[in-house]
Amino acid sequence: AYATLPANQPAHNLAALTISFYYQRNAATAKQVLLAAGNGSQAGDFSIEVLADGKLRGFHVGEDGVLRFFEGTDGITGTNLPVGTAHRIDLALGPRGARIYLGGAELAAAAIPANRNSWNNARLKYLGRWTDGIQAPADGAFDRFRIWSWQLTNVEIALLEKARSTTLPPLSPAGEALSLPS
């Protein structure tokens with residue numbers, strides 16, 4: 001299953017924002033797209049993923065239209081999201097650049113200071129799958145999905161509640177969509 005956030009919602013036109021969620025992998029057989037908007041072709045498109053080897057990976061498209069990866073296409077050095085362990089992932093977009101955090105700690109080498117824009121509100125946002133709908137949904141549990149209408153500071157992010165691992169229920173049939181309220 002996956003969830004969507006609608007596109008073109010006036011309240012979602014944010015010059016800066018922070019997205020925070022907990023994720024616990026249930027399998028490591030393939031790359032899992034956790035959160036995505038767009039395909040990387042328009043300013044504000046982004047993706048946060050976990051590669052099969054457990055590395056966190058993501059990209060964000062700057063206001064200049066350039067797609068930039070958080071550190072590199074092979075993932076972010078030093079990140080490891082093992083199966084069965086919950087992690088809090090935070091993405092902060094805005095005037096301080098695109099920044100990604102794991103467990104409250106900024107992955108400073110992965111920051112994209114040139115991207116001072118936010119997300120692309122014209123795009124549908126997907127939690128738990130890629131935007132083309134072809135790839136299987138993420139195989140794991142999401143919890144505490146939150147969005148702030150500003151770019152949280154490192155101190156504010158460090159103070160957020162730590163993720164707790166859980167026993168995962170059986171998966172629902174692939175392809176079921178859940179809609180989050182606007």
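As the structure is a computational prediction, the values presented were derived from the model and not from experiment.
Take R123 and apply the salt bridge (charged side-chain N to carboxylate O under 4.0 Å, His left out) test, not counting sequence neighbours, and it matches D45. Take S47 and apply the side chain to side chain donor-acceptor pair (under 3.5 Å) test, not counting sequence neighbours, and it matches E49. In this structure S118 satisfies the side chain to side chain contact (heavy atoms under 4.5 Å, CB included) test together with L14, L17, sequence neighbours excluded. For R96, the salt bridge (charged side-chain N to carboxylate O under 4.0 Å, His left out) criterion is met by no residue, not counting sequence neighbours. Residues satisfying the salt bridge (charged side-chain N to carboxylate O under 4.0 Å, His left out) test with D53, not counting sequence neighbours, are none. Every residue two or more places apart in sequence or in another chain that forms a salt bridge (charged side-chain N to carboxylate O under 4.0 Å, His left out) with R99 is listed here: E106. Partners of Q32 according to the side chain to side chain donor-acceptor pair (under 3.5 Å) rule, which considers only residues two or more places apart in sequence or in another chain, are Y23. Taking the side chain to side chain donor-acceptor pair (under 3.5 Å) definition, one finds that Q42 meets it with N120, sequence neighbours left out. With sequence neighbours left out, K125 forms a side chain to side chain donor-acceptor pair (under 3.5 Å) with N121.
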Start with the C-alpha distance between R25 and H87, add both sets of side-chain angles, then the distance that settles side-chain contact (heavy atoms from CB on, under 4.5 Å), and finish with yes or no.
CA-CA 9 Å; R25 289 193 321 154; H87 297 274; over 6 Å; no
Evaluate the criterion side-chain contact (heavy atoms from CB on, under 4.5 Å) for residue pair L91 and F70; output intermediate values, then yes/no.
CA-CA 11 Å; L91 174 64; F70 292 100; 3.5 Å; yes
Go through the steps to decide whether F46 and I19 satisfy the test side-chain contact (heavy atoms from CB on, under 4.5 Å), and finish with yes or no.
CA-CA 12 Å; F46 70 93; I19 303 166; 4.1 Å; yes
Are D90 and S20 close enough, and set up right, to give a side chain to side chain donor-acceptor pair (under 3.5 Å), and what steps lead you there?
CA-CA 4 Å; D90 308 293; S20 180; 2.5 Å; yes
What verdict does the side-chain contact (heavy atoms from CB on, under 4.5 Å) test give for E161 and R88, after you've listed the backbone C-alpha separation in whole Å, the side-chain angles of each residue and the deciding distance to 0.1 Å?
CA-CA 9 Å; E161 182 180 2; R88 192 183 79 235; 5.6 Å; no
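Grouping Ile, Leu, Val, Met, Phe, Trp and Tyr residues whose side-chain heavy atoms lie under 4.5 Å apart, directly or via other members, places L159 in a hydrophobic cluster with V155.
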Please report, to 0.1 Å, the donor-acceptor pairs under 3.5 Å made by any side chain of residues 72-86, with sequence neighbours excluded.
from: T77; atom 1: OG1; to: E71; atom 2: OE2; distance (Å): 2.5
from: T79; atom 1: OG1; to: L56; atom 2: N; distance (Å): 2.9
from: T79; atom 1: OG1; to: I76; atom 2: O; distance (Å): 2.7

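By the neighbour-count criterion of 12 heavy atoms within 6.0 Å, atom CZ of R164 is sparsely surrounded, having that number or fewer from other residues, nucleotides or ligands.
Remark: side-chain polar atoms of Q9 are not paired, donor with acceptor, to backbone N or O of P6 under 3.5 angstrom. Looking at T4, its side chain never comes within 3.5 Å of a backbone N or O of L124 through a donor-acceptor pair. Between the T18 side chain and the L152 main chain, a donor and an acceptor come within less than 3.5 Å of each other. Proximity of a side-chain donor or acceptor of R116 to a complementary backbone N or O of P95 within less than 3.5 Å is detected.
Between the CG atom of N8 and the CG atom of N13 there is a distance of 7.5 Å, given to the nearest 0.5 Å. Expressed to the nearest 0.5 Å, how far CG of L93 lies from CH2 of W150 amounts to 14.5 Å. The distance from the CH2 atom of W119 to the NE2 atom of H60 is 11.0 Å, given to the nearest 0.5 Å. Between D139 atom CG and T29 atom OG1 the span is 6.5 Å, to the nearest 0.5 Å. Rounded to the nearest 0.5 angstrom, F21 CZ and L35 CG are separated by 5.5 Å. Separation of atoms OG1 (T131) and OH (Y126) is listed at 6.5 Å; rounding is to 0.5 Å.
Residues in residues 60-70 take part in these salt bridge (Lys or Arg N to Asp or Glu O under 4.0 Å) pairs, two or more places apart or across chains: D64-R68.
One hydrophobic cluster, built from ILVMFWY side chains closer than 4.5 Å, cannot hold both W130 and L5; they sit in different ones.
When all heavy atoms of G40 and F59 are compared, the closest pair comes out as CA-CE1, 3.7 Å.
The closest side-chain heavy-atom distance from V33 to I48 is not below 4.5 Å.
Annotation: cation-pi pair R144/Y22 absent, no NZ/CZ under 6.0 Å from the ring centroid and within 45° of its normal.
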